[in-house]
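All remarks here apply to the structure that follows.
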Amino acid sequence: MNTMMHRGYAARVEYSEDDQCFVGHIAGIRDVIGFHGDSVAALRTAFEEAVDDYLSTCEKLGRQPNHPYSGQFRLRLSPELHARAAMAAETQGKSLNAWVSEVIERNVVVA
């Protein structure tokens, strides 16, 4: 998957056959922000303008913009898997949180 990034925000992009253009949305936030372009260059410009406009509008309104991710998430595991992961972390002298972060970092590929 290809990802456009600007000021910490990522874009989710699709091609619209009906409109003959690329259509994008800012991913990972509750507010709905869309943009479009008929070329990759136009799409990139529209994305950056959308992010900048969103942040500027939030500032003018005196509200905090949504941030893509807080860095925290809940993970539900079976008790057995939880125990095995905790033991693996402990044998490496790490907290479970640090160990899980390293495992995810090694295995997540971003284009």
Side-chain angles (χ1 to χ4, degrees):
M1 171 173 54
N2 294 320
T3 305
M4 279 189 203
M5 296 293 297
H6 180 64
R7 297 179 72 174
Y9 291 85
R12 184 182 75 239
V13 178
E14 299 171 355
Y15 181 74
S16 170
E17 183 65 37
D18 293 339
D19 298 322
Q20 301 266 312
C21 69
F22 297 101
V23 178
H25 294 88
I26 295 177
I29 63 173
R30 290 181 308 280
D31 292 326
V32 178
I33 303 164
F35 53 94
H36 66 277
D38 57 4
S39 69
V40 173
L43 185 70
R44 156 90 34 212
T45 299
F47 169 51
E48 291 176 0
E49 288 173 354
V51 170
D52 294 343
D53 183 58
Y54 172 64
L55 295 173
S56 175
T57 299
C58 287
E59 185 177 348
K60 288 177 189 171
L61 295 174
R63 65 173 273 231
Q64 288 285 70
N66 292 161
H67 293 283
Y69 299 97
S70 68
Q72 299 179 23
F73 72 98
R74 292 185 185 261
L75 180 62
R76 298 192 196 289
L77 305 172
S78 69
E80 296 80 15
L81 181 55
H82 188 174
R84 291 190 347 245
M87 284 187 272
E90 187 176 338
T91 61
Q92 294 180 24
K94 299 175 182 165
S95 69
L96 181 57
N97 189 67
W99 184 82
V100 169
S101 292
E102 288 178 13
V103 169
I104 291 172
E105 183 69 36
R106 279 195 311 267
N107 289 285
V108 172
V109 178
V110 178

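Values reported hereafter were calculated over all heavy atoms of this structure, with side chains retained and with hydrogens, waters and symmetry mates removed. Treat the numbers as computed from the prediction; the structure is a model and nothing was measured.
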Testing the basics here: between [X] and [Y], what is the closest heavy-atom pair and its distance to 0.1 Å?
| X | Y | answer |
| --- | --- | --- |
| Gly37 | Ala42 | CA-CB, 4.1 Å |
| Gly8 | Pro68 | O-CG, 3.1 Å |
| Ser95 | Ala89 | O-CB, 3.7 Å |

For atom [atom1] of [X], decide whether the heavy atoms of other residues, nucleotides or ligands shown that lie under 6.0 angstrom number more than 12.
| X | atom1 | value |
| --- | --- | --- |
| Glu90 | CD | no |
| Gln92 | CD | yes |
| His36 | NE2 | no |
| His67 | NE2 | yes |

Using atom types as modelled and distance alone, determine if a side-chain donor or acceptor of [X] lies under 3.5 Å from a backbone N or O of [Y].
| X | Y | value |
| --- | --- | --- |
| Asp53 | Glu49 | no |
| Thr91 | Ala88 | yes |
| Gln20 | Glu17 | yes |
| Tyr54 | Asn66 | yes |

In one Ile/Leu/Val/Met/Phe/Trp/Tyr side-chain cluster, 4.5 Å: [X], [Y]:
| X | Y | answer |
| --- | --- | --- |
| Met5 | Val51 | no |
| Phe73 | Ile29 | no |
| Val23 | Tyr15 | no |
| Val32 | Tyr9 | no |

Going by an N to O cut-off under 4.0 Å, is there a salt bridge joining Arg44 and Glu48?
yes
Interatomic distance, [X] atom [atom1] to [Y] atom [atom2] [nearest 0.5 angstrom]:
| X | Y | atom1 | atom2 | answer |
| --- | --- | --- | --- | --- |
| Arg12 | Phe47 | CZ | CZ | 11.5 Å |
| Leu55 | Ile33 | CG | CD1 | 8.0 Å |
| Met87 | His82 | CE | NE2 | 10.5 Å |
| Leu75 | Ile104 | CG | CD1 | 7.5 Å |

side-chain contact (heavy atoms from CB on, under 4.5 Å) evaluation trace for Ile26 with Phe35:
CA-CA 9 Å; Ile26 295 177; Phe35 53 94; 4.3 Å; yes
